[in-house]
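The structure appears right after this line, and notes come after that.
Counting starts at 1 for both ligands and their atoms, in listed order.
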Amino acid sequence: MDDVPVFASSARIQARLHAVSATVFPENNVPRSPPPSPSKDDKRRDGVPADVPNALAGKNMFKFTLIPTKNAGADMSAVPRYVPGFVHRRDIEQRTIDLANEAMKPTPPPSPSAEARPGAELPEPEYLRKLKPGDVELVFLGTGSAVPAKYRNVSGFSMQFGGEGYRGNIMLDTGEGSLAQMIRRFGASAVDEKLREMRMVWISHIHADHHVGLPRILTARAEIFRRDGVEPPIIPVVGPRALRRFLDYYEDLERLHCDFIDLSETTQDKWSSETMSPQVARLRTALMGSDLDEIVAVPVHHCAHAYGAKLVGKRGWTMVYSGDTRPCPSLVAAARDATLLVHEATFENGMEEEAVKKRHSTTKEAVQTGIDAGAYRTILTHFSQRYPKIPIFDGTYTERTAVAFDLMSVDFAGLSSLPKLLPAVRSLFESDDEIAREAQIDGDDDE
Ligand SMILES: [Zn+2]
Ligand SMILES: [Zn+2]
């Protein structure tokens, strides 16, 4: 019932990141009118009809004691309080503010005489300079691996297209809680519109942290159309073959209104006009009016039927999403000169053995893939829940890399300055005693 976040320290991180960049880290969808703070014996009746006596509204962390009878009654003491963002930002150090301001300054173009270090800055591509804010936006709904955790939800992305003549959105991976993350980012009523305008969903592989949120998204979408008295139109869901069985079982309970397309039917050869598969033809129809021309499945090295995606935009941009994978040549080839590579970096450097065993990448390997491919920007994501707040920094990062946080919103028009935010983000975490005090949790299953 409430908009007040239960995880106060994760709300604190979100609020403080907003000070580093108001556009990349938008303020969460905060309650329209901040609710009054609950007191121990607060018996507010939000949502309970006035003609129902002796009824209380349930709240997160609300307790009701039955026995012993001397303590019987409602206890609101653990119900989280609403803390406005500015309160969390009050004690941000000047150093962080200075670094954030520094990042806002325009970047001089790289000088041709600059030493050709690996990962050195590249000139901003011409087509990218023409993109305006709102044309292409990638929202990170979840940036952790394996299981939803306090600071990082599991994988999910929402990509929005706007500007003259373009509209619609797609989703890439939909881990558990992806719909709730969308509501946090866009607000409940805006999410209805997003679901109505959604063109397709793309799932990289069958691990639970990449698809369990899918039925909820599809049923929420169907509800919106039904509420309008319209039969929900069929939406393509591209995924690994095992996903079809999952969706079929689910449809025994409830209709999902989706058209399942096997990833293997959407590889590069299937997109060329001479050999176009019927599945790709259906995708092309669904993508009409959006900025997306192709979404090509790229085989990667993880579990059976695991793929990355190469997205080709009509306005000249390309984006490659690795899914989960070991570094692999197919991905480097797909990401050749890409505008943006979004790459998993489950493990820190020094955990190569673990990364090989679980078929994931380390930070260094992910950054190196971006360098090898000549990608203009690389954003790291899918961090092990061992590093709940911020991944370990060790000099592997280049002028072209950035680190993802939940609800981070990357507008392609601002892509060039994104890596420059890193020093400010880093100092934000170093200087936050409240966050530093919390012990890091230990994760073991990295899917
Ligand atoms: Zn995963
Ligand atoms: Zn996986």
Side-chain angles (χ1 to χ4, degrees), residues 138-159 171-181 201-217 237-247 262-264 297-310 319-328 330-331 334 341-348 351-363 365-366 369 378-388 391 403-408 441-447:
L138 179 69
V139 177
F140 290 76
L141 300 172
T143 59
S145 77
V147 287
K150 188 161 139 187
Y151 297 103
R152 292 187 187 271
N153 201 55
V154 283
S155 288
F157 306 84
S158 168
M159 196 169 194
M171 291 194 78
L172 300 170
D173 282 343
T174 53
E176 178 180 348
S178 290
L179 181 66
Q181 290 289 78
V201 183
W202 189 94
I203 307 290
S204 61
H205 65 292
I206 199 59
H207 285 157
D209 56 328
H210 296 256
H211 77 274
V212 170
L214 181 58
R216 185 69 195 101
I217 285 162
V237 171
V238 185
R241 63 187 53 168
L243 186 69
R244 179 196 285 271
R245 208 171 44 190
F246 171 80
L247 294 173
D262 194 311
L263 278 161
S264 65
V298 180
V300 295
H301 184 53
H302 183 57
C303 60
H305 312 295
Y307 289 84
K310 177 180 181 176
M319 181 184 115
V320 168
Y321 166 48
S322 69
D324 287 3
T325 186
R326 289 288 304 140
C328 60
S330 58
L331 205 67
L341 168 66
V342 176
H343 203 291
E344 73 122 294
T346 311
F347 294 106
E348 67 181 288
M351 291 187 74
E352 285 76 14
E353 216 172 287
E354 197 81 0
V356 170
K357 206 166 78 192
K358 294 187 167 162
R359 295 189 199 162
H360 282 298
S361 302
T362 64
T363 308
E365 289 168 336
T369 298
T378 299
I379 302 179
L380 308 182
T381 187
H382 196 273
F383 299 107
S384 165
Q385 304 288 14
R386 283 182 187 84
Y387 325 115
V403 170
F405 289 87
D406 278 25
L407 306 182
M408 175 166 123
I441 60 160
D442 201 26
D444 196 34
D445 297 312
D446 302 288
E447 291 209 317

- Query: Does a donor on one side chain and an acceptor on the other come within less than 3.5 Å for H301 and T325?
  - Reply: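 Per modelled atom types, H301 and T325 side chains form no pair under 3.5 Å.
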
- Item | Shortest-distance N/O/S atom, D209 versus the Zn ion (ligand 1) |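 The D209 atom nearest to the Zn ion (ligand 1), restricting to N, O or S, is OD2.
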
- Can you name the N, O or S atom of D324 that is closest to the Zn ion (ligand 1)?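 Going by distance to the Zn ion (ligand 1), the closest N, O or S atom in D324 is OD2.
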
- Message: Within rounding of 10°, what is the angle whose vertex is the Zn ion (ligand 1) and whose arms end at NE2 of H210 and NE2 of H382?
- Response: 110°

- With sequence neighbours excluded, residues passing side chain to side chain donor-acceptor pair (under 3.5 Å) with S204: D173

- Task: Please state whether the separation between the Zn ion (ligand 1) and some N/O/S atom of H205 is under 2.8 Å?
- Result: no

- Query: Does the ring center of H360 lie less than 6.0 Å from the ring center of H302?
  - Reply: yes

- Query: Looking at R216 and E176, does any basic side-chain N land under 4.0 Å from a carboxylate oxygen?
  - Reply: no

- Query: Backbone or side chain, does H207 get an N/O/S atom under 2.8 Å to the Zn ion (ligand 2)?
  - Reply: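 For H207, the answer is yes, given that an N, O or S atom comes within less than 2.8 Å of the Zn ion (ligand 2).
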
- Message: Any N/O/S atom, side chain or main chain, of H360 closer to the Zn ion (ligand 2) than 2.8 Å?
- Response: no

- For Y307, what residues pass the ring pair (Phe, Tyr, Trp, His ring centres under 6.0 Å) criterion, not counting sequence neighbours?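 None.
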
